[in-house]
Peer 1: 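First the structure, which I've put down as C-alpha cells, then a few questions once you've had a look.
These numbers were taken from a predicted model, which means no experiment stands behind them. Indexing begins at 1, ligand by ligand and atom by atom, following the structure's order.
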Amino acid sequence: MNQPKVSIIMGSDSDLPVMQQAADILDQLEVHYELTIVSAHRTPERMFDFARMAHNRGIGVIIAGAGGAAHLPGMVASLSPLPVIGVPVKSSNSIDGWDSVLSILQMPGGVPVATVALNGAKNAGILAAQILGASDPEIRNRILKYKAALEESVLDKVRKLQDKQGR
Ligand code: RP5
C-alpha cells in the first residue's frame with residue numbers, strides 16, 4: 001500500500017469541490033495523500049486525535065481547508081508538529097470569503113499556518129509537494145518538470161498571440 005505523505009482535511013463535505021483541486025495536483029505530481037473530513041467545531045475530539053497522531057502515521061504535511069469561522073487549520077497547527085497549509089474556502093456561511101481568509105491568516109506568533117489564496121487549494125497541493133521535495137529528490141524533479149511545463153504553456157500563448165498579430 002502506498003503510504004500517504006500529505007493529509008488533506010476539510011471542515012465539511014461542502015468544501016470538497018475546492019479541496020479536490022489539492023488532491024488533483026498531488027495526483028499529477030504523484031504524491032500520495034489521504035483526504036477526509038475533520039471539523040474543528042462539529043468533531044473537536046476527532047480533530048484532537050487527528051492533529052496529535054498525524055506525524056506518527058508518516059504524514060509530512062497537512063493541508064486544512066475551511067470556510068466561515070475557519071478554525072480548523074489554526075487549531076490543527078496548535079496541536080501538530082507538522083507544517084500546516086491553510087486553505088480559506090468561500091463557503092455558504094462565508095461573508096465574501098474574508099472571514100475564512102482572516103481566520104486562517106491572522107495566527108498568533110508561535111503557531112504558523114501557511115495560508116494560500118481564497119479557494120487556493122491547487123497551490124496548497126503544490127506547496128505541500130514542494131515541502132516534501134526539499135528532502136525527496138524524486139518529488140523535487142517532478143516539481144521542476146511542472147515548472148518547466150508552466151513556462152512552456154505561457155511561451156506557447158506568447159507565440160500564438162504573435163502569430164495572430166502577423167509577427
Ligand atoms: C465550515 O463551515 C466548513 O469548513 C464549511 O466551509 C462551512 C459550512 O459547512 P456546511 O454547513 O456546508 O457543512 O466549518
Peer 1: Can you confirm whether more than 12 heavy atoms, excluding those of Leu150, are under 6.0 Å from its CG atom?
Peer 2: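 Check passes, neighbour count above 12.
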Peer 1: Report, in ascending order of atom number, the atoms of ligand 1 lying under 4.0 Å from any heavy atom of Ala66.
Peer 2: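 Ligand 1 atoms under the 4.0 Å threshold to Ala66: 4 (O).
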Peer 1: Nearest heavy atom to atom 4 (O) of ligand 1: which of Asp15, Asn93, Asp13 does it belong to?
Peer 2: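 Comparing heavy atoms across Asp15, Asn93, Asp13, the nearest one to atom 4 (O) of ligand 1 lies in Asp15.
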Peer 1: Is any side-chain N of the basic residue among Asp156 and Lys160 closer than 4.0 Å to the acidic one's carboxylate O?
Peer 2: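 Yes, this pair counts.
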Peer 1: Short question: side chain of Glu151, backbone of Lys147 - any donor-acceptor pair under 3.5 Å?
Peer 2: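 Such a contact is absent between Glu151 side chain and Lys147 backbone.
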Peer 1: Check whether any heavy atom of Arg42 sits under 4.0 Å from an atom of ligand 1.
Peer 2: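 Within the 4.0 Å threshold, so yes.
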Peer 1: Could you tell me whether the side chain of Ser103 and the main chain of Asp99 form a donor-acceptor pair under 3.5 Å?
Peer 2: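 At least one qualifying donor-acceptor pair exists.
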Peer 1: Please indicate whether Glu138 has more than 12 foreign heavy atoms, meaning atoms of other residues, nucleotides or ligands, lying under 6.0 Å from its CD.
Peer 2: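 Incorrect, the count does not exceed 12.
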Peer 1: Identify the closest protein heavy atom to atom 12 (O) of ligand 1: which residue and atom is it, and at what distance?
Peer 2: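 For this ligand atom, the closest protein heavy atom is Ser14 OG, 2.6 Å.
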Peer 1: Heavy atoms only: which of Ser92, Ala64, Ser12 lies closest to atom 9 (O) of ligand 1?
Peer 2: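 Nearest option to atom 9 (O) of ligand 1, by heavy atoms: Ser12.
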Peer 1: Side chains of Tyr33 and Ile63: closer than 4.5 Å at any heavy-atom pair?
Peer 2: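 They are not in side-chain contact.
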Peer 1: If hydrogens are left out, which of Gly67, Gly11, Ser94 has an atom nearest to atom 1 (C) of ligand 1, that is, the closest non-hydrogen atom?
Peer 2: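 Residue with the shortest heavy-atom distance to the ligand atom: Gly67.
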Peer 1: Going by the order shown, which atoms of ligand 1 are within less than 4.0 Å of some heavy atom of Ser91?
Peer 2: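 This gives 6 (O), 7 (C) as the contact atoms.
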